[in-house]
Amino acid sequence: MTKISHFANDARRAMAENGFEPEFSLAVREQVQFLSESGARDIAEGSIRDLRSIEWSSIDNRTSRDLDQVEWAEALPNGDLRILVGIADVDAYVKKGSPIDHHAEQNTVTVYTEGHIFPMLPEELSTDLTSLNEGEDRLAVIADMAVKANGDVPESTFYRAWVRNHVKLSYEEVAEWLDGDKSSDDIMRFPWVAEQIRLQNEAAARLHKYRIAKGALEFESIESKVVLNGDDISGLESQRPNRARKLIENFMVAANVEMAEFLESHRWASLRRVVRLPDRWDGIRRVAEERGYSLPSEPDRLALAAFLEERRSKDPESFPDLSLSIVKLIGSGEYVVERVGEDAGGHFGLAVNDYAHSTAPNRRFTDLVIQRLVKALLQGQEPPYSNEDLDAIAFHCNDRERAARKVERKMRKVIAATVMRKHVGESFDAIVTGVTASGTFARILRPPVDGRVERGEHGLDVGERVKVRLVSTDPRRGFIDFEAIRPH
């Protein structure tokens with residue numbers, strides 16, 4: 001049986017081949033030692049609120065140690081729900097231009113592979129000093145939002161505060177509680193936790209309903225997850241979304257929108273996350289027509305949202321497969337700079353005009369940049385980045401995001417090729433995920449594994465459903481080759 005640790009060197013090699021710095025320099029290590037001894041660098045007593053007594057909690061993956069957010073909610077007398085999202089104040093430790101900042105700016109993201117995690121920041125920071133760990137006093141930037149009954153957020157404020165995460169919850173245990181199955185020890189540990197989850201879920205439901213009315217697109221993805229027996233790989237399983245993940249997603253979307261609007265309202269340029277109108281609307285229309293549904297000739301988000309909702313209701317089992325097809329046809333998002341007086345474009349999938357990644361500064365450099373802009377604005381300082389600086393950051397982050405996807409995809413395929421070699425010759429249902437000059441690619445659905453269609457690929461298009469046979473695997477190179485099975 002193959003051990004997961006066996007793939008760590010493969011992951012490091014993939015990182016280096018794609019232009020990442022997989023290790024931290026001596027200068028970074030020296031700065032980490034200094035910060036561990038000296039603490040945060042910009043504590044201005046009097047301007048930072050003390051919110052440690054608030055009943056903060058976090059919801060994340062069971063194994064996550066780089067906690068970027070904590071949440072809290074309360075019901076107001078007028079029927080509004082007030083939600084606070086505390087975002088780790090990474091800038092308090094990682095100053096612009098420092099060795100740690102240079103490393104973060106180069107890699108721009110934490111790269112997650114099954115064999116190894118390559119953090120954007122040293123783990124002494126990302127999983128300790130700047131992580132909102134349970135039972136620890138930490139600095140945070142607070143997004144303070146009022147959610148109306150219809151889900152609108154007409155007002156929000158931002159400020160810095162001390163927070164204490166009283167309980168770290170996992171998506172799985174919160175989802176089980178919301179579904180009425182059972183309560184975990186963590187949920188039962190404090191009498192207020194269950195009420196907090198209820199309030200937060202109600203606020204998330206309001207936010208979700210408002211976004212859906214605006215035409216937000218609802219997808220459901222299934223990703224592969226390695227099943228481990230200790231350090232041994234025993235197989236692959238499908239990982240589906242759940243209600244707790246949707247709760248946090250709605251909170252993060254709200255905070256990211258409000259942060260973007262806050263900067264825009266003060267006429268500050270900033271980074272935006274943009275998903276433009278789909279280039280492959282023809283392909284989306286084809287996928288809809290195959291299911292007996294007609295979409296307009298021009299991109300129409302509300303019409304697409306209605307189609308997706310109908311398919312979710314009529315055929316929930318196949319909806320993740322449909323979601324994959326549509327997502328591939330819409331295309332990826334990108335970072336752009338929104339200058340003062342300009343419109344950089346909105347997010348087609350989320351149905352919002354202003355969207356800035358800001359809630360994961362331990363893991364994304366763009367979020368750290370937004371945090372620095374917001375803090376400078378709060379403190380009455382000049383913007384720490386010029387328009388030209390932001391242009392260069394957006395360009396580099398887009399490049400590194402593509403490279404990170406290549407590394408993560410390569411390592412998924414290396415491990416999947418190892419697991420799937422015993423299934424050579426078997427047939428699977430698949431969806432075409434890419435047709436490029438370098439080849440045609442497909443994902444089998446159960447379990448979700450990506451590979452290249454080496455035979456019978458001519459005439460296939462993105463989003464098309466196809467039957468494939470697994471022809472061969474090469475674990476060393478991460479090659480998984482399929483043959484399209486055409487009906488006679």
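Values reported hereafter were calculated over all heavy atoms of this structure, with side chains retained and with hydrogens, waters and symmetry mates removed.
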Can you tell me how far apart [atom1] ([X]) and [atom2] ([Y]) are? Round to the nearest 0.5 Å.
| X | Y | atom1 | atom2 | value |
| --- | --- | --- | --- | --- |
| N256 | D354 | CG | CG | 11.5 Å |
| E334 | R273 | CD | CZ | 8.0 Å |
| I59 | I248 | CD1 | CD1 | 4.0 Å |
| N250 | L350 | CG | CG | 9.5 Å |
| C397 | N107 | SG | CG | 10.5 Å |
| L169 | I187 | CG | CD1 | 6.0 Å |

| note | With sequence neighbours left out, the residues meeting side-chain hydrogen bond (donor to acceptor under 3.5 Å, both in side chains) with R409 are none
| field | Residues which pass side-chain hydrogen bond (donor to acceptor under 3.5 Å, both in side chains) with R402, listed by chain and number, not counting sequence neighbours | value | none
For the residue pair [X] and [Y], confirm or rule out a side-chain donor-acceptor distance under 3.5 Å.
| X | Y | result |
| --- | --- | --- |
| D66 | S131 | no |
| E218 | H208 | yes |
| N150 | D152 | no |

Under the ring pair (Phe, Tyr, Trp, His ring centres under 6.0 Å) rule, what pairs show up with a residue in [range], not counting sequence neighbours?
| range | value |
| --- | --- |
| residues 308-339 | Y335-H357 |
| residues 248-282 | F158-F262, F262-H266 |
| residues 287-306 | Y293-F307 |

| request: Taking the side chain as every heavy atom from C-beta outward, state whether S57 and Q200 have any pair of such atoms under 4.5 Å apart. | output: yes
| message | Less than 4.5 Å apart, side chain to side chain, heavy atoms only: is that true for I444 and L470? | response | no
Taking only Lys NZ, Arg NE, NH1 and NH2, and the carboxylate oxygens of Asp or Glu, determine whether [X] and [Y] approach each other closer than 4.0 Å.
| X | Y | answer |
| --- | --- | --- |
| K413 | D450 | no |
| R312 | E309 | yes |
| R446 | D321 | yes |
| K168 | D60 | no |
| E464 | R286 | no |
| R363 | D68 | yes |
| E249 | R245 | no |

Name all residues meeting the salt bridge (charged side-chain N to carboxylate O under 4.0 Å, His left out) criterion together with [X]; count only those two or more places apart in sequence or in a different chain, and write none if there are none.
| X | answer |
| --- | --- |
| D186 | R189 |
| R339 | D391 |
| R206 | E202 |
| D282 | R280 |

Are more than 12 heavy atoms from other residues, nucleotides or ligands located less than 6.0 Å from atom [atom1] of [X]?
| X | atom1 | result |
| --- | --- | --- |
| Q106 | CD | yes |
| N353 | CG | no |
| D315 | CG | yes |
| R455 | CZ | no |

| query | Yes or no on side-chain contact (heavy atoms from CB on, under 4.5 Å) for T110 and S126, after CA distance, side-chain angles and deciding distance? | reply | CA-CA 10 Å; T110 291; S126 62; over 6 Å; no
| query | So E195 and R198, salt bridge (charged side-chain N to carboxylate O under 4.0 Å, His left out) or not? Walk me through it. | reply | CA-CA 5 Å; E195 176 63 8; R198 186 192 67 78; 2.6 Å; yes
| said: Run F482 and V466 through side-chain contact (heavy atoms from CB on, under 4.5 Å) and show every step you take. | reply: CA-CA 11 Å; F482 300 123; V466 64; over 6 Å; no
| H116: partners by ring-ring contact (aromatic ring centres under 6.0 Å, His included), with sequence neighbours left out | F118
| query | Restricting to pairs with a member in residues 294-303, which pass side-chain hydrogen bond (donor to acceptor under 3.5 Å, both in side chains), not counting sequence neighbours? | reply |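 Every candidate side-chain hydrogen bond (donor to acceptor under 3.5 Å, both in side chains) pair involving residues 294-303 fails, so no pair, neighbours aside, qualifies.
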| said: Evaluate E457 against T440 for side chain to side chain donor-acceptor pair (under 3.5 Å), listing each step before the verdict. | reply: CA-CA 6 Å; E457 73 278 15; T440 299; 5.6 Å; no
| request: Please say whether the positively charged group of R452, taken as NZ for Lys or CZ for Arg, lies over the ring of F479, i.e. under 6.0 angstrom from the six-membered ring centre and within 45 degrees of the axis. | output: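 Ring-cation test returns no.
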| Under 3.5 Å, is there a donor-acceptor pair between the side chain of R486 and the main chain of G456? | yes
| query | If you look at every heavy atom in G463 and V287, which pair is closest and at what distance? | reply |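 For G463 versus V287, the nearest heavy atoms are O-CG2, 4.1 Å.
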| query | If you look only at pairs with a residue in residues 257-267, which of them pass as a salt bridge (Lys or Arg N to Asp or Glu O under 4.0 Å), with sequence neighbours excluded? | reply |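 Checked against salt bridge (Lys or Arg N to Asp or Glu O under 4.0 Å) - neighbours excluded - no pair reaches residues 257-267.
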| task | In sequence, state the C-alpha distance, the side-chain angles, and the governing distance for I197 and E71, and then conclude on side-chain contact (heavy atoms from CB on, under 4.5 Å). | result | CA-CA 10 Å; I197 295 174; E71 298 83 34; over 6 Å; no
| task | Test R276 against V336 for side-chain contact (heavy atoms from CB on, under 4.5 Å), laying out the working first. | result | CA-CA 11 Å; R276 305 186 191 280; V336 300; 3.4 Å; yes
